[in-house]
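First the proteins, then the strands, lettered A, B, ... as listed; each starts at 1.
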Protein chains: 2
Amino acid sequence: MAMTRQRIRNMEEFAAISGISRPTVSKYFHDPESVRPSSRQRIEAALERYDYRPNVFAMNQNRKLTKNVGIVVPYLTDPFFAEIARTIEMRCVEAGFQPSLFSGYGSPEQEVAILDTLRSLKPAGVLLAPLGRASDKRAIERFCAEVPTVLFDSNMEGIGEAFVGSDNFSFVMQTVEYLCRTGEPPSFFEMKNPANPNANKRRAAYLTMMERQGIEPHIIQIDGTGWAFEEIGKQGALKVLAEKGLRTDTILCSNDRLAIGFLVGAFELGLKVGRSKGCNLRLASHDDHPFSRFTCPPLTTAAHDYASVSEGAVKTLIDLIEAGGKLPNRTEIVYPARLIMRESA
Amino acid sequence: MAMTRQRIRNMEEFAAISGISRPTVSKYFHDPESVRPSSRQRIEAALERYDYRPNVFAMNQNRKLTKNVGIVVPYLTDPFFAEIARTIEMRCVEAGFQPSLFSGYGSPEQEVAILDTLRSLKPAGVLLAPLGRASDKRAIERFCAEVPTVLFDSNMEGIGEAFVGSDNFSFVMQTVEYLCRTGEPPSFFEMKNPANPNANKRRAAYLTMMERQGIEPHIIQIDGTGWAFEEIGKQGALKVLAEKGLRTDTILCSNDRLAIGFLVGAFELGLKVGRSKGCNLRLASHDDHPFSRFTCPPLTTAAHDYASVSEGAVKTLIDLIEAGGKLPNRTEIVYPARLIMRESA
DNA sequence: TTCTTTATTTTACGCGCGTCAAAAAAGAAA
DNA sequence: TTTCTTTTTTGACGCGCGTAAAATAAAGAA
């Protein structure tokens, strides 16, 4: 029990109390094995009596290589990003780094403000999931030139030392193949102006897949801006269903959040979604959003390999850091999706 | 366009370039109005040519009162906390503070680690939503004694300078009253060992409300630990419904996440939830979780006054900071809930 | 026991900036 | 123009810690 007989203000005070010089104490905190056992004992004895922890930010002030890692996501309120941020954070901690999490909540200005703050943090490296189209590319490029950065989730050509994400084609390939095999071919449901580059790749993949199967593609693009995807999906569904704008009974949403909204729209109109008999619609989607298993019906979707992406991203970043911040050539790692069949399709 | 002809490393370099002494530049960044117009012009001219930003962490190193604010939530992957963190963050930025967001993801050890990191940040104040029962009360108490802290969402008696949250009784009062008035009285559905103190208050409120109406209360407590409330709710629903453990057709969940799980369980068993004719169950809940309007059917729930809570928390913290970190007596502000009638009940 | 060699510790300085007291400049009054 | 005030600016030091080089202690060889 580290009792506080007296508050220790800094390493100097703590060193005085433990009877060791401050630099040695500093070495101890950097690596307890690096000091003589006798010193170590005295330090640890003092640590028992007075609880003291070095100031992380003062540590990084003058350190060549810090243990800080910045994690930047576009929108933390989206459980998809929250979940991937969580796993990445935990892996960073396991690897002995101290992660700091940031979200710009959809604002490009906030995004560059975060990068500026991050510079002050002198991170050993940064894991950045950029906003996408709305991002200030110049600012991000400049940042990546200064700080070892690995992009994840959404790629920006040539920016950052590496990219780790999911293989969008693999997502769409599996869902389209599954839907075509087990029923009518799907229409593709998406936002007209998606902010995220993955959306474009998924559309392209849909077109390719339909062409391969010799089926005329059908894309439904709905209006809406911002990050309220569920609401956008719902409104889109109400509109499309009212206009009878469907060609088949099967819909493939670009992502789960749109699908979640679509489900509500369909529900409101009294339509039954599912693959069983008596259902009016089949609905599938992509991402395996944390909530997609708790919708009614649960969503059939192509799942990110969350574990691999987060592990891969952190591993790539650590390699990058150990390589001194530069990689011989920009690597792109993408993990395939896994089809998850639930009730909705 | 701040072009970088030459990277500015620190304020010294920047001061040299702009032809002003460093301390004056420092003053400028603290308050541009505080320096002579001629100096200001020269600084801003230099700012146009060389983009430089002071190191935030070095700034705070030696500052009497920083502009840092720490925000700590128990589980950021829960959209409820993500949403409240987002609004709080934005209000802090508006008020001229720099928020840093932390989540312990349910781990008490992580929670105290975060508090230790926060000490290093020398925050002007901290907004803390503690884990609850699992928290290391001693550690939190010590922290609050050192750093001006306002608790939010979940209260801990006597800890922190103030508490801002929602009035649990108001939540339950409204849902119980509504359910009783429009149909059969509800059974109360909750976890057996809730980690969050709000859960206990809600149970107590349910008992009080039922007593007032002269109706025998009926509480269903389900097993489960951790933060996977939806799954717990689903399993609980499957069990309760299979055992026909309901007394009426109406269920009131302690919180929306349990309710979301309950909905899936009911769906799986082919039960229709809703207030319209032909439905088997009515289900209501508390929180107005961001997803509760996108469930099928959308959830009837008592909504947190998100805006008031976040505004009140930030305002209280700023008052606390301006009062020098101590308030004459510990204040507790709770905002009433607002009943939101949707399809589920 | 004495001299090397090597492992530790200490000395001294730096990181990027805040802040106070002293000095200089600007402005007002004479 | 000179003198006195009132800003501004600047010099000097400190924050809490990292780190290279110098000094010391421990260990081994002679």
- request: Anything under 30° is parallel, anything over 60° is perpendicular, the rest tilted; go ahead and classify B:Tyr75 against B:Trp227.
  value: parallel

- request: In whole angstrom, give the distance that lies between atom NE2 of B:His30 and atom C1' of D:dT8.
  value: 16 Å

- prompt: If only side-chain N and O atoms of A:Tyr52 are considered, is one of them under 4.0 Å from the OP1 or OP2 phosphate oxygen of D:dC17?
  reply: yes

- request: Report the distance from atom CZ of A:Arg9 to atom P of D:dC17, rounded to the nearest whole Å.
  value: 12 Å

message: Quick one, B:Tyr28 with B:Phe14, criterion ring-ring contact (aromatic ring centres under 6.0 Å, His included). Give me CA distance, side-chain angles, the key distance, then yes/no.
response: CA-CA 12 Å; B:Tyr28 169 85; B:Phe14 180 76; 8.2 Å; no

query: A:Asn60 CG to D:dT19 C1': how many Å, rounded?
result: 14 Å

- prompt: Roughly, in whole Å, what's the span from CE in B:Met11 to C1' in C:dC17?
  reply: 6 Å

query: Between atom CD in A:Glu12 and atom C1' in D:dC15, what is the gap in whole Å?
result: 12 Å

query: Using the ring of each side chain (for Trp, its six-membered ring), is B:Phe57 parallel, tilted or perpendicular to A:Phe57, with breaks at 30° and 60°?
result: parallel

- prompt: Heavy-atom distance under 4.5 Å between the side chains of A:Arg40 and A:Glu33, does that happen here?
  reply: yes

- request: Look at the side-chain N and O atoms of B:Asn10 and state whether any lies under 4.0 Å from the OP1 or OP2 oxygen of C:dG16.
  value: yes

- prompt: What nucleic acid atoms does B:Pro23 come within less than 4.0 Å of, heavy atoms only: base, sugar-phosphate, or nothing?
  reply: base

query: Looking at C:dG18, does its base get a donor-acceptor pair with the side chain of B:Asn62 below 3.5 Å?
result: yes

message: Rounded to whole Å, how long is the line connecting atom CG of B:Asp31 with atom C1' of C:dG18?
response: 15 Å

- line: B:Tyr28 OH to C:dG16 P, in whole Å, measures 21 Å

query: Taking atom types as modelled and ignoring hydrogens, do the side chains of B:Glu89 and A:Tyr105 form a donor-acceptor contact shorter than 3.5 angstrom?
result: yes

- prompt: Under 3.5 Å, is there a donor-acceptor pair linking the side chains of A:Thr149 and A:Glu161?
  reply: no

message: Strictly below 4.0 Å: does B:Thr24 bring a side-chain N or O up to OP1 or OP2 of D:dT10?
response: yes

query: For the pair made of NZ in B:Lys27 and C1' in D:dG11, what is the distance, rounded to whole Å?
result: 15 Å

query: A:Asn55 side chain: which of D:dG18, C:dT10, D:dG16 is closest?
result: D:dG16

- request: Record whether the side chain of B:Arg22 comes under 3.5 Å of the base of D:dG11 through a donor-acceptor pair of N or O atoms.
  value: no

- prompt: Going by number, which of residues 33-40 of chain B have a non-hydrogen atom under 4.0 Å from DNA chain D?
  reply: B:Val35, B:Arg36, B:Ser39

query: Can you find a side chain N or O atom of B:Ser26 that sits less than 4.0 Å from OP1 or OP2 on C:dG18?
result: yes

task: Go through the steps for B:Ser18 and B:Arg42 under the test side chain to side chain donor-acceptor pair (under 3.5 Å), then give the verdict.
output: CA-CA 6 Å; B:Ser18 50; B:Arg42 294 168 72 180; over 6 Å; no

